[in-house]
Each structure stands twice: as C-alpha cells, then as structure tokens.
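Report on the structure given below.
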Amino acid sequence: MDELKNLRQKHLASSLKLSYKDPLHIVRGHKQYLFDAEGQDYLDVVNNVCHVGHCHPKVVEAASRQMGILNTNTRYLHEGILEYSARLTSLLPHPLKVCFFVCSGTEANELALRMARIHTGKVGAVVLDGAYHGNSSSVINLSPYKFNGPGGKGLRPWVRVASMPDCYRGQYRGTGAEVAPLYAAHVREAIEALESEPTWFGDQPPGAAAFFHESLLSCGGQIPLPEGYLEEAYEAVRAQGAICVADEVQVGFGRVGSHFWGFETQGVVPDIVTMGKPIGNGHPLGAVVTTPEIAKSFSNGMEYFNTFGGNPVSCAVGLAVLDVIKDEGLQEHALSVGNYMRDKLISLMDKHPAVGDVRGLGLFIGIEIVSNHAGREPHCGVAEYIVERMKDNRILLSTDGPDRNVIKIKPPLVFNHSDADHVVETMDRVLAEDYVTRICK
Ligand code: PMP
C-alpha cells in the first residue's frame, strides 16, 4: 500500500484526491460490490457510474465483442450508432430527437453550452448555487461548487447564480410546492439581470443563452427540486429567449425510480439534455440530446467531430446498458428499494438527533447530518466520521453539499432490500457511538 501511495505521489498530481483516511486498494468489482487486494468485499453505496452493477457481464461482453470487430469514428456509416440513437431518443419526450455522442459529462455540458450560444446568439448562463457541471475551462465557470471553492476564481461576468432550491436549509423552507415560485423567481431575476447587462462580453452581446440545472441537485447535497419549480423557472428562461439544459449526468437512466429521467418528475421538457456517468456503466461515454431546431442552428458550417464520441464500441456499450436496465427491471427496482430505504432512514431521525433530514427519490438519497437538530446546524466532521466508520464496516459512502455534511446514497441499481437493511442497521449503530452523540443533540 505504501509503495502505491509513494508512486502516486511521484507520478500523479496532488490535486488528484483519494477517498478515506486510509485509502482503499480496490482491484475488482462485481454487482454492488468492490473487492480490495486482500479479497475483502465492500458494499458500494455511492457509485452511480456502474449503474447496472460493476462489470455487468452483458456490458463487458458487448464491449469486448465490438472491440474485436471494429472500433473507429463516426465518419463511416454504421448500424451501431443509429440503433443506439433511436433507442436513446425513444426514451425521451418529443422533440428531443437529435443525438451527439461525447466521452464525459464535462464534454456533454461543454457542447451544450456551445449549442446554446450558437442557437441564441448570446453567451450568458444561469446556474444553481452549489452546482457542478464539469472540469473544463468553460463549464468550471458554470460550477459554483468549484469556482467559489478552494482555488476557484469566482463568478465570471457572463454567469448568474440562482439560489439552490433547498427546502430544508435554503432561503425558503417548507414542504415543497409553496416555496417553488419563490425559488423560481430567483432564476427569473438572474436571467433578466443578464439580459439587462449593459456591458459586452468580449465581442458578444449581453444576454442569457441558457439555464443549466440538474434535475435533482447532487453536489448541492442530494436535493430533489420542489414541486413545480422547473415549470416556473423554464417559463421565465424561455420568456427571455434562452434555452433550458437539464444535466442528467448523475440522476438519469431510471435512478429516480418513478421516471427514467429526473426532469420528468417536474413535468417539463428541456431543450437540451446532457448525459454521462451511468450511460456507459463506467465506459467513457456521454451524450447530448436536443431538438432538431437547435441542432440545425448548430450546423452552421463548422464540422462537429469528436474522435472517440459515438464510436462502435461506445454505442455497443450504451445499448447493452439500456438493455440491462429494461431486462432486469432496474428502474422499478430503484423505486421499490429506494422507497424502502428512505422510509427506514427516516425512522432514524426520531432516534438520532444527528440525522437532520432524509430526502431523495428512488436510489438517490441524501442524509443531512446536523449537530443541532432544531437549529439545523450542519456538521461536516460528524458526517465524515460516519462515512469513515461505515467504511470500517465495509460500506462505502461519501459526503457532499456546500457544508460537506450530506451523506450521499446512490448505489449501482442492483443494490437490494437486504443491502438497504444492512446499511441502515450499521448506520443506526454508528450514529449511537460516543463521537456522534457527544456532538449532536
Ligand atoms: N455534471 C454533473 C452533475 C456531475 O456530477 C459531473 C461529475 N461529477 C459532471 C457533470 C462532469 O462529468 P465528468 O466527470 O464525466 O466529466
């Protein structure tokens, strides 16, 4: 282990972080389990990338079969990309019919931003506080999670940040529907502020190209949006001629259980949907799906070429993932296990003052850790302690949210009812440990 750490220090940058105080040396994955070099198993409750299970045999088989036949780019006719585009768009509402394939969530949002700018002729963007949309030079500027964090360069003049619609800790608190218009008004104000901006950004006119949002907030702290929020926000955005981009990189592909896409839970249809992480079950695949109208604006003469995006292997993988989600009923499974687990976690709130809130949809759940139950005081130290102690019990979790006090639950969808029992029973014991009870009242 020390040798690996030393080599890492020597050849990798220190900005590349490891999880846990004593990092794990993971060498194998299977279903909802990861295995370390000693063969010890860990229940993976946080990896929403290996969506249908680590190393799912059908996905592995599809990738290796296609890898042995052909892997090239999109400049040749090939059935794979056509079949995949048809399947993917059949899962989306009208008029989201045109696909672009990329290699990551960052690339998907980067492309969505370019498309929005070309389509509207404007450059500005509104994002939600606490959001993360990727690591490139452009989309880092759409990510308050990063630009307002350590090493960040702060807000760019072409970006406006609307407050996070967090009904537990945010500016407006409540059960949902009644606070949605209050939060949506912040999006309206942000869009209008960009529109009325007197300065020019470089050679571009002022104004808003797009509203970027996740359909449930992930880095923001595992927050489902209040009922009716996106409907009102979209209306405000479209009233100014800007477009709505739903980032489904974390929450898409059936995770929320009741629907295939997170935005569907809000009854809206975005202009662009960006996808990543679960789409390839670990294979570097991403996608942007948009309307024919926006795709037409983007076809302005400049070729769009992505060397790896949409290659036959990636498309075979993407198709296999869709097949497995359907054949194994994973969306319905996420609903059933997710509801079961959320109810069990909610019952911990009465017993343990540290558990301030439990929220989520399907297998996308957040547990808010607080030192003061009534005052909702976030406590990142206790959240971290719980994550470390769960790891000692061979259960992998992590934290997020602006205060890093929200424990994230977003396992591969094969996670089952007895896994949920095991996680909740273990957490029940950890929450009763002295370190937690001394701090959390
Ligand atoms: N959007 C969201 C919501 C994300 O959570 C992430 C990654 N955490 C990204 C985009 C960027 O995806 P990638 O790391 O694949 O570039």
Side-chain angles (χ1 to χ4, degrees), residues 15-17 19 44 46-51 100-116 125-149 152 159 161-162 164-166 210-225 230 244-253 255-256 261-263 265-266 270 272-289 306 308-310 314 317-318 321 360-361 363-366 397-402 404 406 408-412:
S15 53
L16 216 56
K17 304 281 185 215
S19 299
D44 184 353
V46 73
N47 192 328
N48 60 347
V49 176
C50 290
H51 191 64
F100 293 78
F101 295 107
V102 295
C103 310
S104 69
T106 297
E107 264 197 76
N109 285 323
E110 184 74 41
L111 179 57
L113 180 62
R114 278 187 62 205
M115 279 179 179
V126 172
V127 295
L128 297 181
D129 208 359
Y132 177 63
H133 292 294
N135 59 43
S136 68
S137 299
S138 293
V139 296
I140 207 91
N141 291 322
L142 300 181
S143 306
Y145 184 75
K146 292 285 186 194
F147 69 63
N148 281 335
V159 181
V161 177
M164 208 160 47
D166 175 354
F211 167 47
F212 273 76
H213 68 86
E214 282 188 276
S215 305
L216 287 86
L217 314 184
S218 53
C219 291
Q222 304 285 109
I223 300 173
L225 301 176
L230 283 185
C244 300
V245 181
D247 178 336
E248 291 274 335
V249 167
Q250 292 247 8
V251 300
F253 293 88
R255 175 163 299 279
V256 298
W261 306 106
F263 67 77
T265 65
Q266 289 270 312
I272 299 181
V273 180
T274 60
M275 307 168 193
K277 295 188 192 276
I279 190 173
N281 211 51
H283 178 85
L285 173 60
V288 178
V289 185
N306 189 315
F308 301 120
S314 296
V317 166
V321 171
L361 296 176
L363 279 172
F364 188 82
I365 300 174
L397 291 164
S398 69
T399 57
D400 228 324
R404 302 293 186 274
V406 179
K408 302 190 268 195
I409 295 190
K410 42 186 186 118

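In each ligand, atom 1 is the first atom listed, and ligand 1 is the first ligand listed.
- Under 4.0 angstrom from ligand 1, the non-hydrogen atoms of Asn109 all belong to its side chain.
- A 4.5 Å side-chain heavy-atom check between Gln222 and Asp400 finds every atom pair outside the cut-off.
- Of all protein heavy atoms, the one closest to atom 14 (O) of ligand 1 is Thr106 OG1, 4.3 Å.
- Every N/O-N/O distance between Glu214 and ligand 1 stays at or above 3.5 Å.
- In Asp247, the part holding a heavy atom less than 4.0 Å from any atom of ligand 1 is the side chain.
- Other residues, nucleotides and ligands place no more than 12 heavy atoms under 6.0 Å from the CZ atom of Phe308.
- Heavy-atom minimum distance, Cys103 versus Gly309: SG-N, 3.7 Å.
- In terms of polar-atom proximity, Gln250 is counted as a contact of ligand 1, with an N or O under 3.5 Å from an N or O of the ligand.
- Short contacts between ligand 1 and Val249, defined as distances under 4.0 Å to a heavy atom of the residue, involve ligand atoms 1 (N), 2 (C), 4 (C), 6 (C), 9 (C), 10 (C).
- Below 30°, between 30° and 60°, or above 60°: for His51 and Phe253 the angle between ring planes is above 60°, a perpendicular geometry.
- For ligand 1, the atoms sitting less than 4.0 Å from at least one non-hydrogen atom of His133 are 1 (N), 10 (C), numbered in the order shown with element in parentheses.
- Gly105 N, 2.9 Å is the protein heavy atom nearest to atom 15 (O) of ligand 1.
- Residue contacts with ligand 1: Cys219 is placed with no nitrogen or oxygen under 3.5 Å of a nitrogen or oxygen of the ligand (distance criterion only).
- Put simply, the side chain of Asn306 does not reach to within 4.5 Å of the side chain of Phe100, judged on heavy atoms.
- Of the candidates Val139, Leu142, Val245, Asp247, Val127 forms a side-chain contact (heavy atoms from CB on, under 4.5 Å) with just one, namely Leu142.
- With Glu248 contributing its side chain and Val273 its backbone, the two residues share no donor-acceptor pair below 3.5 Å.
- Every atom of ligand 1 with a heavy atom of Ser104 under 4.0 Å away is listed here by number and element: 15 (O), 16 (O).
- Within ligand 1, the atoms closer than 4.0 Å to a non-hydrogen atom of Lys277 are 5 (O), 6 (C), 7 (C), 8 (N), numbered from 1 in the order shown.
- A donor-acceptor pair is defined here as one N or O able to donate and one able to accept, closer than 3.5 Å; no such pair exists between the side chain of Arg255 and the backbone of Leu361.
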